[in-house]
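Lettering follows sequence order; numbering is per chain, from 1. Bear in mind that the values here come from a model prediction, so they are computed numbers and not experimental data.
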Amino acid sequence: MDDLLAEFVAETREMLEASEGELIAWESNPGDTARLDAIFRFVHTVKGNSGFFDVPHLERLSHAAEDALAEVRQGKRQADSALVSAVLAIIDRIMDLVGLLEAGEDLPTSGDAELIAALAARSDAGAPDSPDPSNAAQATDDQPVTREHSPASPQRSIRLPVELLDRVMSGVSDMVLARNDLAHRLREAGNQPMIDGPFERLSTILSDVRDAITRMRMQRLELLFSAFPRLIRDLSAELGKQVMVELEGGDVELDREMIEMIRDPMTHILRNAIDHGIESAADRARAGKPAAGLLSIAARQSGNKIIIAISDDGCGLNEARIAAKAVANGLIGEAESQSMSRDEILQLIFAPGLSTAETVSAISGRGVGLDVVRENIERIGGSVRVTSTPGTGTIFYLRIPLTLSIITGLTVEVAGQRFALPQSYVEEIVRVGGDALSYAKVGDTALVTFRGERLPCLSLGDVLGIEHGVHETDRTMVMLRLASGDLFALAVDQVHNSSDLVVKPLPREVMDTGLYGGSTLLDSGLPILLLDIPSIAIRAGLASDARAAVLNRRRTEQTEIVQDHLRTIMFVDHQGRRRALSMDLVQRIETIPASAIERAGETAMAVVGDEILPLVGAEGIAPDSDKVRLLRLSDGNSELLYAVREVEDAVVLNGDLVPTDIDPLIEALTLVGGESVALIDGHALFARHGASPRRTRNVTCRLPQGDWAQSILAPLLRKAGYAIAADGDEADILITLDDSDRAAEAETAAERQIRLRSQPDDDVSQAERTGSIYRYDRQALLAALGRIARGEAA
Amino acid sequence: MSELLVIAVIGSRRCALRAIEVQSVIEVGEVTPIPRTAAHIVGLAALRSQALTVIDCRLSLGLAVDGLATDARAAVVKVAGHAYALLVDTIEDVEEAQSAPGQIPGGFGTEWTRVSAGMVETSGGPALLLDITQLVAGRPTETMAA
């Protein structure tokens, strides 16, 4: 029975949460019966359940509300704000009673009559016929209908303790680590088809499970937001103000525990906004604003943080008053208050013991200040800031970590030690010394100029108090953008790869440094530290909302300037790796059957048309595949083919290129859409694999008459890949010896002739030396042949 | 008084940890240093998929490490939900406590008194029973420095 009761309590709460927003919406649009249905269903279900649990008290209340709502549904009564208030009062009462039920306390009976009377009294005024038995009967008739509606929840669901979820979550995290470890060992052990296949499958399943588990802990912010319209409505009614509410980003998902943690701080800020921010209708009219104030709550996800902005269009914060109060309370000195910026002074409202309200009202003056808000938000690893423009409004920004314990991180290295940082902050990776970035030292501070912006630069070595392993002009800059929009550069020795990291919390002794957000294990099993980028930036004094606005403005101007970036074609190779190649190298895309590929050890050749070209990236092509896509690359002289699984897109690489030595064929790594892509080194590629196309139809040569030509010249030419034309056949190249064949010479164009002579170079005149080749000068002969074969003038 | 104790040697002194608090004794492999932390926090080491914070007990007590050998074995303990590896000179044995922890006149010296829950008698002689929370926290001045 206790279990059932707990179910009842939980279900009632859940239904109420779902219908709160509906209630408010219904009030603003009484004709919307769809909304009414949800509310009706709520009181109806409560009525049914309380009958079942034998709680006549609850039954009576819900019955009264149900009757009133039924009348409205039948059009016998107009919904007005009085009715809504009465229904809300009853719902509140129901929730109070449900709370008492849960606690196992006795239910007080007093006060119910007034609540029910409030419903009935208005109904007398609104409609002459008070609820009569026929109405009640009508309502009962509705029952079967609403019953069918009642399994309104589209998904089947069960209730689970969060602790159990946590256990499963950490189990899966450990599995991911064990998988990574195993993957590492398998790689070391080399290719093992017997194991690789099942392992691949295991990996896929594991990542699916991990996604699902992660989602299990997530809830939409709607759940939190749904309570706010009601809260705002009640508060504004109490204070005699008109407030409209705008909600945005309810679909953003957040860890369900996090939602609970931010409920109170957000409520407090809302109260504050209505009480102190938004002016009375009269004051607003004087200021030329619409009578109803606007409160807007917007949430969005930015990397691994959720940013919630709560803004009102009220009178704004009074900087002078805050400063005066802070001085009066001894928070800051008089002189200090003079030197502080407006932004700094505004943040003082989060300091303990500072309330600028002249009169302590029932709403905000409950002894809970914004300092508690800040404390609560910071306790969960978030931060809160305020910006305000006098006369036009105030915005509170809450930044809340997602607490997803798995994040995508970039691994960087300083002094041989690796650190991870969340990929979400990484804007670009730039090499010092490149054109894109200039580095300057001003005093002890380093500055970088990047895309026309002068940005602060931190050296990770200095931040951590360790010596950099490479000279400051050889470092790599990781450009990091904070949630506030501030951009800064972090100098590191080297950038490694980016991968999914399971973040584990660190003990307090380590967290106190303010440098680390957690630890994670590399594939090798070595633990590394995850850097807390916002905290590092704040400690270095790099983050401020005010500056962000300026930077943003400047950045938009900068984008007008077209940058000369590398145009590349991005593709996935047959081993599933993403690669980019300079567009200038790509001639065209060829498609051939796999049978046209010849493999010999490390190298592969492919027949395209009537040419045989070297093929790169042939590993992993299915032998029976009948369509293999190849990029035909040319450096102007030689050509080669690059096998690709899929051509993704033409991409302009505007991210900066980080040289790497992981693979001699890879020139650099860069980021495209947040993912790392390896740029293929065209030079190395052609140096290693490039070859002039070997034509399957050989170039033919007509030889001079005589034994020397047949026995000495012909074998040499054949060996070099030329065919000897039979007498009378057309030939590509005419070779003559000592003016042997004047007739043919006259017929053939001069650029397709090679004239040999018997005298060595030293014995002939300068003119003859350039016009002909000594017959035993093998190199000169082959060079001349090659020039003609390639279509160049001899 | 049949409480089990893990007997360890720290700075050549015989010390005892409550066996119930010690999860395991491991060989500490590669340790990742954590820059800008107190000196007694040596770094992070991995135990399966778990990351351990490695504490050098001798530094935590403000002892000089010079000339003290260590066998790289460490006791794994959990404080406030985080796992730590306590690096000591050596870990000797598990013994039964033969007395309740008691104080002695004159104390054990400032540093030792801070981390100690008192002296216990064991079959191998007296040992100082250690408070792992204090060991992990390190010297108060050090934590301030971070």
Side-chain angles (χ1 to χ4, degrees), chain A residues 166 170-182 405-406 411 413-420 459-468 501-532 535-536 539, chain B residues 21 23 26-57 59-62 74-87 114-115 131-146:
Chain A
D166 283 344
S170 79
V172 169
S173 300
D174 283 357
M175 268 157 75
V176 170
L177 288 168
R179 194 264 323 255
N180 290 350
D181 187 26
L182 189 58
S405 53
I406 299 174
T411 317
E413 187 179 309
V414 170
Q417 187 175 349
R418 290 189 187 197
F419 296 90
S459 131
L460 186 55
D462 292 348
V463 169
L464 300 174
I466 52 181
E467 281 290 315
H468 271 277
L501 304 172
V502 178
V503 181
K504 302 260 171 171
L506 286 166
R508 197 182 53 80
E509 292 84 32
V510 180
M511 292 301 268
D512 280 352
T513 58
L515 297 172
Y516 313 110
S519 71
T520 186
L521 297 186
L522 289 179
D523 288 354
S524 61
L526 187 74
I528 61 167
L529 293 151
L530 179 75
L531 298 172
D532 183 346
S535 164
I536 288 175
R539 287 165 65 97
Chain B
E21 293 175 333
Q23 302 192 321
I26 59 156
E27 297 245 332
V28 177
E30 198 173 340
V31 177
T32 307
I34 311 177
R36 293 215 191 267
T37 46
H40 72 284
I41 299 174
V42 181
L44 293 176
L47 173 61
R48 291 189 301 277
S49 71
Q50 205 181 6
L52 302 174
T53 307
V54 183
I55 302 286
D56 191 321
C57 292
L59 291 174
S60 171
L61 284 161
V76 177
V77 298
K78 226 169 200 175
V79 177
H82 295 285
Y84 294 85
L86 301 179
L87 215 54
R114 180 177 62 80
V115 300
D131 176 349
I132 54 169
T133 316
Q134 289 300 325
L135 265 184
V136 164
R139 303 166 73 191
T141 46
E142 263 182 6
T143 45
M144 291 304 292

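Residue contact with chain A, scored on non-hydrogen atoms closer than 4.5 Å, involves the side chain of B:I41 exclusively. When heavy atoms are compared at a cutoff of 4.5 Å, B:A45 approaches chain A solely by way of its backbone atoms N, CA, C and O. With a threshold of 4.5 angstrom between heavy atoms, A:L515 approaches chain B through side-chain atoms but not through N, CA, C or O. In this structure, the portions of B:V136 lying under 4.5 Å from any heavy atom of chain A include both its backbone and its side chain.
For the pair A:Y516 and A:L531, the minimum side-chain heavy-atom distance is below 4.5 Å. Between B:I55 and B:L87 the shortest side-chain heavy-atom distance does not fall below 4.5 Å.
Side-chain N or O atoms of A:S519 include none that pairs as donor or acceptor with a backbone N or O of A:P527 at under 3.5 Å.
For A:H468, the side chain to side chain contact (heavy atoms under 4.5 Å, CB included) partners two or more places apart in sequence, or in a different chain, are A:V414, A:S459, A:R475, A:D493.
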